[in-house]
**Q** 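Below is one structure. I have some questions about it.
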Amino acid sequence: MPLSVTGTRASLHTLGCKLNYAETSALARGLAEQGFSIVPFGEQSDVVVLNTCSVTENAEKECRQLIRRIRRQSPKSKIVVTGCYAQLRPEEIASIDGVSLVLGASEKFNIFQHLPSLTYSAPPRIAVSEIEDAHEFHAASSLDDRTRAFLKIQDGCDYSCSFCTIPKARGASRSAEVEDILARAIELCHDGFHEIILSGVNVGDFGRKTGSSFLQLIRAMDAESEITARIRISSIEPNLLSDEIIGFVAGSEKFCPHFHIPLQSGSSRILRLMQRRYQPDLYRSRVEVIKRLMPHAAVGADVIVGFPGETDRDFIDTIHFIESLELSYLHVFTYSERPGTNAATMSGTVPMQIRRDRNRTLRLLGEKMKRSFHESQCGRDVTVVLEPCGEGYSENYVRVRLNDRVAHGAELVRVSLDECRGDLVLAEPLEVLAHRREPLLLPIL
């Protein structure tokens, strides 16, 4: 018996990056427009959509565990799996009991065509094209507690980092048109969002194949008077972060003084093995320009520990390099072997316990750097976009908690940063700039 759309309840869940969240939100809005009733993940639903990640082995493991949990809790639900894991290993997913449909990168946004034909007795279906056929750009944006929106501007990647599966899972780099991004950003501002985060796999590569550029995009967004929200760049490769981009952000009242720049290693030798497109000297120069032009800017870094061939000397070089920079925080990842990547066949495998020890060392260093950065900000006045929990981020990515004297229902507040408290900075409210609006019609995913 085919699945009926009318009155059918659907829930969605996201694993992985903010780009995945943006795409899941787009899928939810599309399903609602088709007549599905969107319910929070975990409630009884007729269709469950999992948008997956494949960056690490743990992300894939979590997906498999979720499928089995859904199967136990709601045995009649039709489980649809899409995302990077689905593109890379569709047969593996389809073999899990309870999966009804596996959709690849090109088929993800055609989910509406597949669902009505699903039956409760048919074997799982796989709709996955060759990744070389993924050429279309599908617009997407996600809503974070109704205050911040993640706006997808770019997808795919043309890089060949030896540890990464994303080019095989998402295809070649492609971008939206500048005019389309401006239109969607204006809509988000009219809907009342106070912050827009520009998201993608490799945002600095925006427009390269269409005669545009990331610098042209941010200039256009800055000049558009109807874009009233502040704008944050999610992450940008150091080799694509030019002096012009940094200088422009420094002179903009709209763009946040916050840069997340993947580092991965402070060892020149390991960066070459990773097939990264920069060396430590270039990375250092990017950070130094940012801090010279914007002393209060936040600068964060991704670091991978335990890459094949990483010696104690390489790891010490990474520690010393990071300590020599004015970084605000670290995101530390333990290297995970990914099938089909060049790194998976490299010699010099680092024992897992050593990987974990190095991860712990860098996490402690990252916590120290974050606290130092937070302490340097105490006494400054900043603007905070508040979440329903009463916490939020400043322009320069300081996590802030307000005291009880803040006006009830405030959403955008000017505050004075007062005292560090763990990962937070306590703040004294100075002025409420905006109050909270009505909640989303669709549940948070």
Side-chain angles (χ1 to χ4, degrees), residues 12-29 41 49-56 58-59 62-63 82-87 105 108-109 137-157 164-167 169-170 173-176 181 184-185 187-188 191 193-206 214 217-218 221 229-237 240-241 255-256 258-262 298-302 328-333 385 387 389 391-397 399 440 442-445:
L12 302 93
H13 186 70
T14 307
L15 297 169
C17 62
K18 295 302 184 182
L19 181 57
N20 270 7
Y21 277 91
E23 293 179 339
T24 302
S25 287
L27 292 175
R29 290 191 292 273
F41 179 73
V49 181
L50 296 179
N51 194 6
T52 64
C53 173
S54 191
V55 170
T56 66
N58 282 339
E62 185 178 359
C63 174
T82 187
C84 294
Y85 186 19
Q87 175 67 39
K108 180 186 303 181
F109 288 94
F137 179 87
H138 295 278
S141 58
S142 68
L143 318 176
D144 182 10
D145 289 331
R146 188 59 169 159
T147 56
R148 306 199 307 160
F150 292 85
L151 178 57
K152 176 182 174 182
I153 66 168
Q154 184 272 343
D155 199 355
C157 188
C164 187
T165 61
I166 289 177
R170 284 188 169 270
S173 179
R174 52 203 185 274
S175 309
I181 295 174
R184 181 54 182 149
E187 289 177 5
L188 292 169
D191 287 340
F193 289 94
H194 302 299
E195 180 173 308
I196 296 171
I197 300 99
L198 304 183
S199 303
V201 174
N202 189 356
V203 298
D205 200 44
F206 173 88
F214 185 67
L217 171 65
I218 62 176
M221 297 187 78
R230 70 190 190 191
I231 305 170
R232 192 181 302 276
I233 301 169
S234 60
S235 178
I236 185 166
E237 291 288 311
L240 297 176
L241 180 58
F255 276 80
C256 293
H258 171 210
F259 295 87
H260 188 90
I261 315 171
V299 183
D302 294 330
S328 309
Y329 62 90
L330 300 177
H331 288 170
V332 185
F333 301 89
V385 177
E387 300 160 10
C389 64
E391 299 176 1
Y393 287 102
S394 67
E395 302 96 322
N396 61 339
Y397 210 59
R399 184 72 176 176
L440 285 171
L442 294 179
I444 298 297
L445 304 170

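By convention here, the first residue in the shown sequence is residue 1.
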**Q** Does A176 have any side-chain contact (heavy atoms from CB on, under 4.5 Å) partners at least two apart in sequence or in another chain, and if so, which?
**A**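 Once residues adjacent in sequence are excluded, the partners of A176 under the side-chain contact (heavy atoms from CB on, under 4.5 Å) criterion are F137, I181.
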
**Q** Kindly give the heavy-atom pair with the smallest separation between L15 and A59, and that separation in Å.
**A** CD1-O, 4.1 Å

**Q** Angle between ring planes, H331 versus Y329, binned at 30° and 60°: parallel, tilted or perpendicular?
**A** tilted

**Q** Going by atom types alone, do S173 and Q154 pair a side-chain donor with an acceptor below 3.5 Å?
**A** yes

**Q** List in chain and number order the residues that pass side-chain hydrogen bond (donor to acceptor under 3.5 Å, both in side chains) with T56, two or more places apart in sequence or in another chain; answer none if no residue qualifies.
**A**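 Partners of T56 by the side-chain hydrogen bond (donor to acceptor under 3.5 Å, both in side chains) criterion come out as none, since no residue qualifies.
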
**Q** Please list, chain by chain and in numerical order, all residues satisfying ring pair (Phe, Tyr, Trp, His ring centres under 6.0 Å) with F109, sequence neighbours excluded.
**A** H138

**Q** Would you compute the distance between atom CZ of R170 and atom OG1 of T165 and round it to the nearest 0.5 angstrom?
**A**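 Separation between the atoms: 10.5 Å.
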
**Q** If the condition is side-chain hydrogen bond (donor to acceptor under 3.5 Å, both in side chains), which residues does E187 pass it with, not counting sequence neighbours?
**A** R184

**Q** Side chains of L198 and F214: does their closest heavy-atom pair fall under 4.5 Å?
**A**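 Yes - at least one pair of side-chain heavy atoms lies under 4.5 Å apart.
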
**Q** Pair S235, K18 - check side-chain contact (heavy atoms from CB on, under 4.5 Å), show working.
**A** CA-CA 11 Å; S235 178; K18 295 302 184 182; over 6 Å; no

**Q** So, T52 side chain and Y85 main chain: donor-acceptor pair closer than 3.5 Å or not?
**A**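 Yes; at least one donor-acceptor contact below 3.5 Å.
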
**Q** Give the minimum heavy-atom separation between M221 and A185, together with the two atoms involved.
**A** CE-CB, 3.9 Å

**Q** N202: what forms a side-chain hydrogen bond (donor to acceptor under 3.5 Å, both in side chains) with it, not counting sequence neighbours?
**A**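 In terms of side-chain hydrogen bond (donor to acceptor under 3.5 Å, both in side chains), with neighbours along the sequence ignored, N202 is linked to no residue.
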
**Q** To the nearest 0.5 Å, what is the distance between OG (S234) and CD1 (I197)?
**A** 8.5 Å

**Q** Would you say the side chain of S199 lies within less than 4.5 Å of the side chain of E23, judging by non-hydrogen atoms?
**A**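 Not in contact.
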
**Q** Rounded to the nearest 0.5 Å, what's the gap from OG on S25 to CZ on F150? Could you check?
**A**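 Rounded to the nearest 0.5 Å, the OG-CZ separation comes to 10.0 Å.
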
**Q** If we only count heavy atoms from C-beta on, is the R230 to V385 side-chain gap below 4.5 Å?
**A** yes

**Q** Looking at CD1 of I218 and CD1 of I233, how far apart are the two atoms once the value is rounded to the nearest 0.5 Å?
**A**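 Result: 5.0 Å between the selected atoms.
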
**Q** Might you point out which heavy atoms bring L50 and F41 nearest each other, and give the distance in Å?
**A**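 That closest heavy-atom pairing would be CD2-CE1, 4.1 Å.
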
**Q** For a quick test of reading the model, state the closest non-hydrogen atom pair linking G83 to N51 and the distance between them.
**A** CA-OD1, 3.3 Å

**Q** Could you report the tightest heavy-atom contact between L240 and D205, atom names first, then the distance?
**A** CD1-N, 3.6 Å

**Q** State, with a plain yes or no, whether a side-chain heavy atom of C53 is found less than 4.5 Å away from one of C84.
**A**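 No, their side chains stay 4.5 Å or more apart.
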
**Q** Report the distance from atom CG of N20 to atom NZ of K152, rounding to the nearest 0.5 Å.
**A** 9.5 Å

**Q** Kindly say whether E395 contributes a backbone atom to a donor-acceptor pair with the side chain of R232 at under 3.5 angstrom?
**A** yes

**Q** To check you understand the geometry: which heavy-atom pair defines the closest contact between V201 and G156, and what is its length?
**A** CB-O, 3.4 Å

**Q** Restricting to side-chain hydrogen bond (donor to acceptor under 3.5 Å, both in side chains), what partner residues turn up for E62, sequence neighbours left out?
**A**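 With sequence neighbours excluded, E62 shows a side-chain hydrogen bond (donor to acceptor under 3.5 Å, both in side chains) to no residue whatsoever.
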
**Q** Supply the atom-to-atom distance Y21 OH to L12 CG, rounded to the nearest 0.5 angstrom.
**A** 12.0 Å

**Q** Using the six-membered ring of F193, assess whether NZ or CZ of R148 lies under 6.0 Å from its centre and within 45 degrees of the ring axis.
**A** no

